[in-house]
Amino acid sequence: VQLQASGGGLVQAGGSLRLSCAASGRTFSSYMMGWFRQAPGKEREFVACMTWSGRSTHYADSVKGRFTISRENAKNTVHLQLNTLKPEDTAVYYCAAGPLRTILGGSYYYKSDAYSYWGQGTLVTVSS
């Protein structure tokens with residue numbers, strides 16, 4: 001199983017980036033796909049998640065209205081569109097996959113330890 005994150009980079013405040021997470025090695029239709037981030041010196045935090053069906057999506061309050069999670073089922077890829085970026089969005093962004101039954105059953109979509117598979121992370125740096 002592999003989750004390959006890409007798309008990070010350096011951008012000015014107010015700018016945009018699109019992150020991608022290519023999933024391979026198994027069928028993820030019964031998994032929640034999530035994005036987390038970890039800023040220097042801080043704990044990893046939930047950003048957004050969605051099911052492959054698209055029927056269930058969740059966002060952290062700090063990114064709601066600015067970030068959008070989407071998927072390309074045919075390519076087994078999940079995207080995270082980052083708009084109106086702020087310096088405080090600077091972090092390593094990780095994509096993750098976790099079993100739907102566990103996550104939805106307990107509303108654990110925001111808990112990193114509910115996710116079984118993790119990508120390597122992609123760095124987003126927002127300059128002021």
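Quantities reported herein were computed from a predicted structural model and do not represent experimental measurements.
With rounding to the nearest 0.5 angstrom, the CE atom of Met50 is 11.0 Å from the CG atom of Leu80. To the nearest 0.5 angstrom, Arg71 atom CZ is 14.5 Å from Ser20 atom OG. Rounding to the nearest 0.5 Å gives a distance of 4.5 Å between CZ of Arg37 and OG of Ser62. A distance of 9.5 Å separates CG in Leu123 from OH in Tyr93, rounded to the nearest 0.5 Å. The CD1 atom of Ile103 lies 9.5 Å from the OG atom of Ser56; values are rounded to the nearest 0.5 Å. The CD atom of Gln2 sits 10.0 Å away from atom SG of Cys21, with the distance rounded to the nearest 0.5 Å.
Remark: side-chain polar atoms of Gln4 are not paired, donor with acceptor, to backbone N or O of Gly119 under 3.5 angstrom. Between the Thr90 side chain and the Val126 main chain, a donor and an acceptor come within less than 3.5 Å of each other.
Thr27 and Ser29 share no donor-acceptor pair across their side chains, judged by distance under 3.5 Å alone.
Taking a cutoff of 4.0 Å between a charged side-chain nitrogen and a carboxylate oxygen, Lys86 and Asp89 do not qualify as a salt bridge.
The two residues Ala5 and Thr122 have their closest heavy-atom pair at CB-CG2, 4.3 Å. The minimum heavy-atom distance between Ser16 and Thr84, with the atom names listed, is OG-N, 4.3 Å. Nearest heavy-atom pair across Met32 and Leu104 is CE-CD2, 3.5 Å. Between Phe28 and Ala23 the shortest heavy-atom distance is CE1-CB, 3.6 Å. Shown here for Pro87 and Ala13, the closest heavy-atom pair between the two residues is CD-CB, 4.1 Å. Here the closest heavy-atom approach between residue Cys95 and residue Leu3 is recorded as SG-CB, 3.7 Å.
Crowding of Lys75 atom NZ: a count of heavy atoms from other residues, nucleotides or ligands under 6.0 Å not exceeding 12. A 6.0 Å sphere centred on CZ of Arg101 holds no more than 12 heavy atoms belonging to other residues, nucleotides or ligands.
Linking Ile, Leu, Val, Met, Phe, Trp and Tyr residues whenever their side-chain heavy atoms come within less than 4.5 Å places Trp35 and Met33 in a single cluster. Linking ILVMFWY side-chain heavy atoms closer than 4.5 Å, directly or via other members, places Trp118 and Ile69 in two distinct hydrophobic clusters.
Of the residues listed (Tyr108, Phe67, Tyr110, Tyr109), the one engaging Phe46 in a ring-ring contact (aromatic ring centres under 6.0 Å, His included) is Tyr109, and it is the only one. The residue from Tyr115, Tyr59, Phe36 that alone fulfils the side chain to side chain contact (heavy atoms under 4.5 Å, CB included) condition with Cys49 is Tyr115.
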- Item | Worked check of side-chain contact (heavy atoms from CB on, under 4.5 Å) between Val47 and Tyr94 | CA-CA 9 Å; Val47 176; Tyr94 298 90; over 6 Å; no
